[in-house]
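Inspection log for the structure reproduced underneath, given as structure tokens.
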Amino acid sequence: MTNAAPKTEYKGELVKLDAVEQALAGLREQYGTVPDMQTKAGYALCKKGIKELTTYRTSTDKLRKEITKPHRDFIDRVNQYGKDLIEKLETIEKPLKDAKQHEDERAEREKQQRIAKLRERIQVEILSYKDTAIGLDSNALAELHDDAVNINTDGFFDVAKEAEDAKADVLQHISDMHAHALEKERLATEQAEVEAERRRLREENEKREAEQKELEELRRFKAEQEAKRNPAPQPQPKPDPEPAPLPAAAEHKPLNTSRLSAAADSYSKQPAPTSKPETVTISRGEYDQLLADQAKLRALEAMGVDNWTGYEAAMQQLAA
């Protein structure tokens, strides 16, 4: 197969095409405006123009094909020849490309495996500081932050940027947790102080109430003892009414004393009455309260209330 281009003289072919181009000016002038088709002359002119223009068009297309045919044959030969050469080149190139692709894929797999291991190191050596920070107080977080500052990211190669970003993220995370812990501890300290003050005030109030209650018990006891020593005066019994005067008819009759003598003898045989203790009349509620107070006082004395530091002062106040 030869690659030599066909030796064709183009001058004659182009002259023929130039002649068509020169005729275009006259054709455009003659038929460029569509005539009035409703008139006979206009219709005839239109028919003549179609015929003449069709002749020019078909002859021009035929001339184009005649001129380009040798070149089309040459192009087809060139295309086929080039295709054969490409196929032969590809038979040599493809094994090289396959080998290169295989090596590139192997290298990429190794790279991805290396990157995966480096990212695991980032998780273990850097990001794990976040898990360590959970539950630490402010002092421990400050120490952890100092340790994180010294994290070395030089050996992370392909993911060095990711390692640096992870380190910065860890430092910021620990700093935020440290600030939060400080604030939480401050609030806890203030709350503890408030609770301690409330507890102190409550204990003082309970102590005052207990002392006041004991003082009231002692005052009640003194009042009871004073009442026993100085009982209230009892009302004097009313004198018996004078006997009614005897009827006038009985004034001159002798008195029958037999029944009076028998009653006197019976009374003399009875044992002599003992003197009755002095009594005070109170309500049932007051009586129950006195019994409860007496039991309570005895319980306090049994538990050593007389050893209380304020007992003597209370007795002096009670006796005043």
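Legend: residues meeting side chain to side chain donor-acceptor pair (under 3.5 Å) with R57, ordered by chain and number and at least two apart, are absent. Legend: residues meeting side chain to side chain donor-acceptor pair (under 3.5 Å) with Y56, ordered by chain and number and at least two apart, are absent.
The shortest non-hydrogen separation linking L144 to L136 is CD2-CD1, 4.1 Å. Here the closest heavy-atom approach between residue T91 and residue P95 is recorded as O-CD, 3.2 Å. G42 and M37 get closest at one heavy-atom pair: O-SD, 4.1 Å. Taking every heavy atom of both residues into account, L118 and G155 meet most closely at CD2-O, 3.8 Å.
Applying the 6.0 Å contact sphere to CZ of R298 captures no more than 12 heavy atoms from other residues, nucleotides or ligands. Around atom CD of E190, more than 12 heavy atoms belonging to other residues, nucleotides or ligands sit under 6.0 Å away. Other residues, nucleotides and ligands place more than 12 heavy atoms under 6.0 Å from the CD atom of E110. Counting non-hydrogen atoms of other residues, nucleotides and ligands closer than 6.0 Å to CD of E204 gives a total above 12.
Sorted by first and then second residue, the salt bridge (charged side-chain N to carboxylate O under 4.0 Å, His left out) pairs with a member in residues 171-185 read E183-R186; sequence neighbours excluded. Sequence neighbours left out, the pairs with a member in residues 157-166 that pass side chain to side chain donor-acceptor pair (under 3.5 Å) are R114-D158, R119-E162, T153-E164, K161-D165. Listed by first and then second residue, the salt bridge (charged side-chain N to carboxylate O under 4.0 Å, His left out) pairs that reach into residues 86-95 are K94-D98, sequence neighbours excluded. Applying the salt bridge (charged side-chain N to carboxylate O under 4.0 Å, His left out) test to residues at least two apart or on different chains, the pairs with a partner in residues 130-149 are K130-D169.
Between R77 and D73 there is no salt bridge, since none of the side-chain N atoms of the basic residue sits less than 4.0 Å from a carboxylate O of the acidic one.
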- [ ] Would you check, one step at a time, whether the test side chain to side chain donor-acceptor pair (under 3.5 Å) holds for D84 with Q80?
- [x] CA-CA 6 Å; D84 293 340; Q80 186 60 43; 3.3 Å; yes
- [ ] Would you please test R219 and E216 for salt bridge (charged side-chain N to carboxylate O under 4.0 Å, His left out) and show each step?
- [x] CA-CA 5 Å; R219 288 175 177 172; E216 291 176 357; over 6 Å; no
- [ ] Apply the test side chain to side chain contact (heavy atoms under 4.5 Å, CB included) to residues Q317 and L215: give CA-CA distance (whole Å), side-chain angles for both, the deciding distance (0.1 Å), then the verdict.
- [x] CA-CA 10 Å; Q317 184 178 356; L215 184 58; 3.9 Å; yes
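Contact check for E217 versus R220: side-chain heavy atoms found under the 4.5 Å cut-off. At least one side-chain heavy atom of K167 sits less than 4.5 Å from a side-chain heavy atom of L171. For the pair F156/I126, a side-chain contact is recorded, criterion being any heavy-atom separation below 4.5 Å from C-beta on. The closest side-chain heavy-atom distance from L300 to E214 is not below 4.5 Å. Taking the side chain as every heavy atom from C-beta outward, K69 and K65 never approach each other to under 4.5 Å. Using a 4.5 Å cut-off on side-chain heavy atoms (C-beta onward), R199 and R202 make contact. Counting heavy atoms from C-beta outward, E203 and K207 have side chains that stay 4.5 Å or more apart. Put simply, the side chain of R208 reaches to within 4.5 Å of the side chain of N205, judged on heavy atoms.
A continuous path of Ile, Leu, Val, Met, Phe, Trp and Tyr side chains, each step under 4.5 Å between heavy atoms, connects L27 with V20, placing both in one hydrophobic cluster.
Side chains of Q22 and D18: no donor on one and acceptor on the other come within 3.5 Å.
A distance of 6.5 Å separates CD of Q30 from CG of L45, quoted to the nearest 0.5 Å. Distance CD/E193 to CD/Q191: 10.0 Å, rounded to 0.5 Å. Here T55 contributes atom OG1 and I50 contributes atom CD1; the two are 11.5 Å apart, rounded to the nearest 0.5 Å. Rounding to the nearest 0.5 angstrom, the gap separating the OG atom in S128 from the CD1 atom in I122 is 11.5 Å. Rounded to the nearest 0.5 angstrom, Y31 OH and K48 NZ are separated by 4.5 Å. To the nearest 0.5 angstrom, D288 atom CG is 11.0 Å from D293 atom CG.
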